[in-house]
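Heads up, the thing below is written out as structure tokens.
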Amino acid sequence: MPSSEQRPSALCFDDPVDAVGRNNTPNPSLDDIVARRLRRRDALRGLALLATAAGTGALAGIRPRPAVAASGETTLSFTETSSAVSPTHHVAPGYTARILMRWGDPVLPGAPAFDPANVTADAQAKQFGYNNDFIGYLPLPAGSANAEHGLLWVNHEYTNPDFMWSGLTKDTIGEKMTADRTKAEMAAHGGSVMEVRKENGTWSVVPDSRYARRVTATTPMRIGGPAAGHDRLKTAADPTGTSVLGMMNNCSGGKTPWGTILTGEENIHMYFSGETSGPEAANHRRFGVGGKGTVYPWWARHDARFDVAKEPNEANRFGWLVEIDPYDPMSMPVKRTALGRFKHEAGTVVVNNDGRVVVYCGDDEKFEYVYRFVSDGRFDATNRGANRELLDHGTLSVARFDADGTVRWLKLRHGEGPLNAANGFASQADVQIEARRAADLMGATKMDRPEDIEANPVTGVVYVVLTNNSDRTPEQVDAVNPRAKNYYGQIVALQPPGGRGKDADHAADTFRWELPLLAGDPNKPEHGAKYPQGISNGGWFSCPDNIAFDPQGRLWIATDQGTDWPRTGIADGIWACETEGASAYVTKCFFAVPIGAEMCGPEFTPDGKTFFVSVQHPAVDGVKGSNYDTPATRWPDFKDGVPPRPSVVVITKDDGGEIGS
Ligand code: FEO
Ligand code: CA
């Protein structure tokens with residue numbers, strides 16, 4: 001989802017909107033911290049320290065892989081494709097990109113074929129939903145490493161009604177969103193489970209699979225963890241505070257080692273209308289819920305639970321990471337409140353070197369935070385069921401990035417520090433529901449839109465992807481967010497202590513950090529971009545969003561410039577690089593999306609020979625006058641009368657080898 005442009009096109013036109021949640025807290029910027037240090041210490045020494053922390057190699061633990069370092073040659077041998085904007089997608093020569101699933105394709109047995117003239121709730125509830133984002137591949141059978149037969153979970157983040165139905169304009173969209181169309185929108189949200197198989201080198205969806213499932217904005221779900229049953233989660237429809245209908249705006253996510261999906265509810269404020277002056281008023285303001293944050297006002301018109309004036313607690317039941325078991329179509333999704341409530345992007349799970357489970361989470365809004373959960377219990381690889389409630393018990397922390405290259409994980413524990421009743425936190429449930437405000441009080445570092453966070457399985461280094469922040473002023477610049485009016489984004493590398501790969505201690509109180517890459521066009525000094533020597537003319541990118549690692553530990557970066565892509569003139573897509581050695585962070589363009597689309601969902605099969613990606617909202621972003629009737633592209637069908645369709649694309653190498661090699 002283009003979060004700085006987080007609205008259906010008919011409502012936002014082409015102007016990036018401000019962040020709607022408000023982080024007005026006076027947390028010290030790193031400039032303040034540095035200034036204090038400079039007052040205490042020798043000024044020259046302090047400036048040298050800042051220069052080091054800002055990206056000249058502060059991570060003592062990141063060591064080159066010798067073979068690569070010696071030769072200086074990248075193992076990424078593919079020839080770059082062009083990042084030019086065009087009506088269709090492009091992949092590097094020698095690779096084939098096929099459409100696997102499109103919006104409206106049948107998922108459940110008995111689902112009707114896609115009929116663009118007849119998009120109904122009944123049909124949509126059985127078909128592939130809209131705006132595919134996160135993709136998770138889970139092998140069949142469960143627990144195997146099968147790279148040619150498995151389940152594919154796909155998030156359906158949000159809807160663009162002016163691309164789903166004919167005749168909607170920005171002036172008429174509100175009145176034309178009937179109750180039936182609103183139900184269809186709700187059914188187009190959520191996620192899909194599909195069984196997929198590779199035969200004779202070609203992937204397809206297995207029809208009528210017993211695993212096939214649609215999860216929507218009305219699917220019954222359980223609430224688990226420390227906020228379950230709390231008064232602030234109780235509503236007229238659910239006086240227990242433990243049961244909720246649906247999930248919304250599921251952007252990115254992650255997979256657990258026990259074979260479930262974590263899917264992140266992101267911009268949930270868009271669905272709520274009205275305003276409350278009651279006890280939830282400040283909480284809703286901090287989250288951007290209600291008032292001007294509303295994007296889908298017809299949801300509240302047709303379903304009163306989305307009116308916070310009538311049901312102020314309903315919004316507290318969204319904004320969580322949801323755990324779903326794709327192997328069991330009858331299983332009930334669970335909202336894991338121990339992981340905190342904010343605008344969730346990633347939910348990346350790592351088994352720590354001591355067996356505890358660590359989940360890294362980004363809160364995707366300007367000036368929001370990076371979070372980490374550490375479970376109390378340990379992962380049991382021999383007993384799947386023993387891991388079911390691991391994510392209900394543990395400690396949520398938030399990151400402070402110090403100018404000396406230290407990351408401090410600040411624990412969000414009720415009763416510790418300022419997280420007490422005097423500050424409105426009467427219990428741990430309050431801390432989880434208002435995780436943002438708890439993080440404010442703890443002095444977390446305000447970041448440039450934290451999106452994906454992933455750990456390199458080979459090195460153990462954790463990468464935090466910051467997409468952009470055009471609202472940062474020169475006074476707000478700090479070492480880890482070093483550019484004002486940051487339209488281009490950056491990638492932060494975090495080194496846990498303890499050793500490489502599985503030896504890394506992801507639960508440690510402090511890590512080290514550095515900035516290996518500042519995105520943007522290196523040929524334009526005004527962008528302030530930073531890449532290593534050796535980048536090609538087409539090797540640069542803007543607005544990194546979701547990332548993946550292949551089995552060799554190479555980094556694959558998906559971008560989302562939103563409506564702002566005319567600023568750079570390039571398409572969104574996938575760029576790849578090594579993370580160690582002489583070619584580290586020399587990025588190369590591998591795939592480009594069609595005009596108006598965003599790239600999301602990068603996911604490899606365990607053998608590295610298949611690469612699934614999501615093409616979201618083709619024809620939508622940054623194209624004036626584009627809609628169902630006059631789209632900027634009719635990708636992927638290119639048939640008159642058929643609108644553009646968000647789709648999952650599957651990429652394989654023509655010689656059958658590993659992607660990138
Ligand atoms: Fe849905 Fe953070 O992009
Ligand atoms: Ca995203």
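Side chains included, hydrogens not; waters and symmetry mates left out as well; all remaining heavy atoms used. Start at 1 and go down the list; that is how both ligands and their atoms are numbered.
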Could you pull out the atom name of the N/O/S atom in E451 that is nearest atom 2 (Fe) of ligand 1?
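Atom 2 (Fe) of ligand 1 is closest to the E451 atom OE1, counting only N, O or S.
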For a distance under 2.8 Å, tell me if C251 has an N/O/S atom near atom 1 (Fe) of ligand 1.
yes
Working for salt bridge (charged side-chain N to carboxylate O under 4.0 Å, His left out), residues E345 and K343
CA-CA 7 Å; E345 181 86 16; K343 294 181 185 177; over 6 Å; no
What N, O or S atom of E157 is found closest to atom 1 (Fe) of ligand 1?
OE2
Shortest-distance N, O or S atom of E266 relative to atom 1 (Fe) of ligand 1:
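Nearest to atom 1 (Fe) of ligand 1 within E266's N, O and S set: OE1.
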Checking R285 now: which residues fulfil side-chain hydrogen bond (donor to acceptor under 3.5 Å, both in side chains) with it, not counting sequence neighbours?
none
I'd like to check the side-chain hydrogen bond (donor to acceptor under 3.5 Å, both in side chains) partners of Y360; sequence neighbours left out, ordered by chain and number.
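Expected list: H506.
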Q561 and T568: side chain donor to acceptor below 3.5 Å
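The answer is yes; a qualifying pair exists.
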Opening angle at atom 2 (Fe) of ligand 1 [OD2, D364; OE1, E345; to 10 degrees]:
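That angle works out to 120° after rounding to 10°.
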How long is the span from the CG atom in D133 to the CD atom in E598, to the nearest 0.5 Å?
6.0 Å
